[in-house]
Every structure is written in structure tokens, then in C-alpha cells.
Amino acid sequence: MEQNESQLIKEFLPNHVAIIMDGNGRWAKKQGLARVLGHEKGAQSVTETVETAGKLGIQYLTLYAFSTENWSRPKQEIDTLMNLLISSLKKELKTLQKNSIKLVAIGCIEQLPKKAFRQLNEVIEKTKGNEKFTLTLALSYGAREELVRAMKAIALKVKNNIISIEDIDQSTINKHLYTLNLPDVDLLIRTSGELRISNFMLWQSAYAEFYFTDVLWPDFRKEHLVEALLDYQKRERRFGKISEQLI
Ligand code: FPP
């Protein structure tokens, strides 16, 4: 075990880590390579990060893999990302099973190309009984779209007298989000030096700790995740209270 890793306090690990994986394109540009290769290298970081998170004992890892806004990228890049998704899902199924990792997806996944949609559902179905760790891929995901969808579903229930307006509370909203079975985000990491949330888990990150690193996603390795976790363990999470109330 490396020195940094041994400093982690197991009892204070975040339950749910979410990552905005950014910088694939810039990584490729820096090396004089096509953007596509940045995404390929980024897929390797995904594999390594999932493995590390599982080994460290994190229960939930959510990765922002494709946003609703990413549909506006050039078609060739979208095709590359979708093909990479398909090949990674095929390649990683065995590892997911071996390590008891459940794969789930959040987002408007019906918008994915048929082949990607089918492959994704196949892996979700095959891993649904796994219990050690939940890996969530945010695909065709946008938090505003998620909230609009939830509001419409709730409004329909009110209209059909299934619930009354007075019954609506935070848990009603939670139950209508893609993330209904996931806990709130504890630690939100964004790579590549950008200091934005980019329409990612707006509701679920209300009390998340944020960690920004200049490391580009394809360079993100175990030691970077450990650094983020150590930083998280130095934070005082007050949830609106004062320090003295936390003891
Ligand atoms: C952001 O980099 C990254 C993405 C839009 C896609 C993330 C995809 C992967 C890591 C690859 C495969 C994923 C899975 C789940 C197998 P960017 O292209 O916005 O980089 P830039 O800001 O430097 O241009």
C-alpha cells in the first residue's frame, strides 16, 4: 500500500463519489493526436478508477460519460464515443461480475444508438444482482432534463389524483429522478482544471464536497483518486449546522 493510501480513514470514505471526466480532447491535442485517441485513453482511466474505487471500499461511483449537450458534437466523435461504450461494456462484463459490481445508467438512454442501448441493457440486466459496489454511467444525461422529466411525472400524478400537491416533498422529487435508488453525492470530482458543474446531478450534489484537479482525465490514476479522497477527509461537512453541533 502506498503512503498516501495508508493515510485514508476507512470509516470516513465518501459513500458516493461522482466524477466529471473532462479533458480527453485536450490530452490528445497536447500529444498531437486525434481527439478519438483521447477518449480511448480516457476509457482506460475509467477501468482503473472503477477498480481502485472498488478496492478502497467506495459503495457508489457515478461517471459523467455523455451529456445531453454532447449530442451537439461532430457525428464522428459521437460515433467514436458510442463505439467505445459498446466495446468497453463487452470487455468489462467479466470484471464487473468477478468483483460483484452492479452497473446502472442514468439519463435519457433511449436516445442512444440501438446497438449501444442494447449492449448497455444487457450488462445492466446481467449485473443487477451484484451487491458490492454500484457503478453508474450518466449517458445522455442532463440534470435539467432530469428535473423537467420528474416535474412532468409528478404533475401527471397530481392531475390524475394519485397524489395531492400537499404530499409533494423532497422525497417525492427524489423518487422521480433517474437516481431514485442512489444516495446523494458526497464527493464530486472534476478533472482538467475546469471549475463548472455542467448540468451534472444538480439536485443530488446539493451538499456534495467539490474537488477540482488540473489532471486531464486520460492521466487520472489511482494516486489522483486517493488525493481527492484525502482532501475530502479534511473537510468539515456541516450541512447547515455549526461545528459544535457536529460532535
Ligand atoms: C470529456 O472530455 C469527456 C467526454 C465527453 C466523454 C467521456 C468518455 C470517456 C471517458 C470514454 C469512455 C467512457 C466509458 C464509460 C467507456 P472532452 O472531450 O470534453 O475533453 P476536452 O474538454 O479536452 O475537449
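Every number for a ligand or one of its atoms is a count from 1 in the order of the listing. The residues of the chain are indexed from 1 along the displayed sequence.
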Asker: Determine, step by step, whether Glu48 and Arg221 satisfy the salt bridge (charged side-chain N to carboxylate O under 4.0 Å, His left out) criterion, reporting the C-alpha distance in whole Å, the side-chain angles of both residues, the deciding distance to 0.1 Å, and the verdict.
Answerer: CA-CA 7 Å; Glu48 187 170 326; Arg221 298 269 89 68; 2.8 Å; yes
Asker: Counting heavy atoms only, which of Glu40, Glu92, Glu194, Arg73 comes nearest to atom 17 (P) of ligand 1?
Answerer: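 Shortest heavy-atom distance from atom 17 (P) of ligand 1: Arg73.
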Asker: Mind listing the closest non-hydrogen atom pair of Leu13 and Leu56 along with its distance?
Answerer: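 Heavy atoms only, the tightest pair is CD1-O, 3.1 Å.
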Asker: Near Trp217, which atoms of ligand 1 are under 4.0 Å from a heavy atom of that residue?
Answerer: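 By the 4.0 Å cutoff, the relevant atoms are 10 (C).
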Asker: Give a yes or no on whether Glu110 atom CD has more than 12 heavy-atom contacts from other residues, nucleotides or ligands under 6.0 Å away.
Answerer: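 Count over threshold, so yes.
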Asker: Gly25 versus ligand 1: do any nitrogen or oxygen atoms come within less than 3.5 Å of each other?
Answerer: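 There is such a contact, yes.
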Asker: How far apart are the C-alpha atoms of Glu122 and Lys90, what are their side-chain angles, what is the distance that settles it, and do they pass the salt bridge (charged side-chain N to carboxylate O under 4.0 Å, His left out) test?
Answerer: CA-CA 10 Å; Glu122 186 186 321; Lys90 280 189 186 156; over 6 Å; no
Asker: Which atoms of ligand 1 sit under 4.0 Å from any heavy atom of Arg26?
Answerer: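 Counting from 1, the qualifying ligand atoms are 21 (P), 22 (O), 23 (O).
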Asker: Among all protein heavy atoms, pick out the one at the shortest distance from atom 1 (C) of ligand 1; state its residue, atom name and that distance to 0.1 Å.
Answerer: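 For atom 1 (C) of ligand 1, the nearest protein heavy atom is Met21 O, 3.1 Å.
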Asker: Using distance alone, decide if ligand 1 has a nitrogen or oxygen within less than 3.5 Å of any nitrogen or oxygen in Asn70.
Answerer: no
Asker: With Asp79, which of Gln76, Met82, Lys75 fulfils side chain to side chain contact (heavy atoms under 4.5 Å, CB included)?
Answerer: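 It is Lys75, the one option of Gln76, Met82, Lys75 that forms the side chain to side chain contact (heavy atoms under 4.5 Å, CB included) with Asp79.
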Asker: So is Leu63 in contact with ligand 1, going by heavy-atom distances below 4.0 Å?
Answerer: no
Asker: As a test of understanding, state which of Tyr211, Tyr232, Phe210 forms a side chain to side chain contact (heavy atoms under 4.5 Å, CB included) with Leu188.
Answerer: Phe210
Asker: Measuring from atom 6 (C) of ligand 1, which candidate in Ala105, Ala65, Gly42 has the nearest non-hydrogen atom?
Answerer: Ala65
Asker: What part of Trp27, side chain from CB on, backbone N/CA/C/O, both or neither, has a heavy atom under 4.0 Å from ligand 1?
Answerer: neither
Asker: What residues, two or more places apart in sequence or in another chain, satisfy side chain to side chain donor-acceptor pair (under 3.5 Å) together with Lys157?
Answerer: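 For Lys157 the side chain to side chain donor-acceptor pair (under 3.5 Å) partners, ignoring immediate neighbours, are His176.
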Asker: If two hydrophobic side chains count as joined below 4.5 Å and joins carry through other members, does Leu139 share a cluster with Val17?
Answerer: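 Result: yes, single cluster for both.
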Asker: Kindly confirm or rule out an N or O of Ser88 lying under 3.5 angstrom from an N or O of ligand 1.
Answerer: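 Such a contact does not occur with ligand 1.
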Asker: For atom 11 (C) of ligand 1, which protein heavy atom lies nearest, and how many Å away is it?
Answerer: His39 O, 3.6 Å
Asker: What is the nearest protein non-hydrogen atom to atom 13 (C) of ligand 1, stated with its residue, atom name and distance?
Answerer: Val46 CG2, 4.2 Å
Asker: Hey, looking at atom 24 (O) of ligand 1, which of Lys41, Arg35, Gln44, Met82 has the closest heavy atom?
Answerer: Arg35
Asker: I need the minimum non-hydrogen distance between Ser205 and Phe200, along with the two atoms involved.
Answerer: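 What the structure gives for the nearest pair is OG-O, 4.4 Å.
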Asker: Which protein heavy atom lies closest to atom 9 (C) of ligand 1, and at what distance to 0.1 Å?
Answerer: Asn24 ND2, 3.7 Å
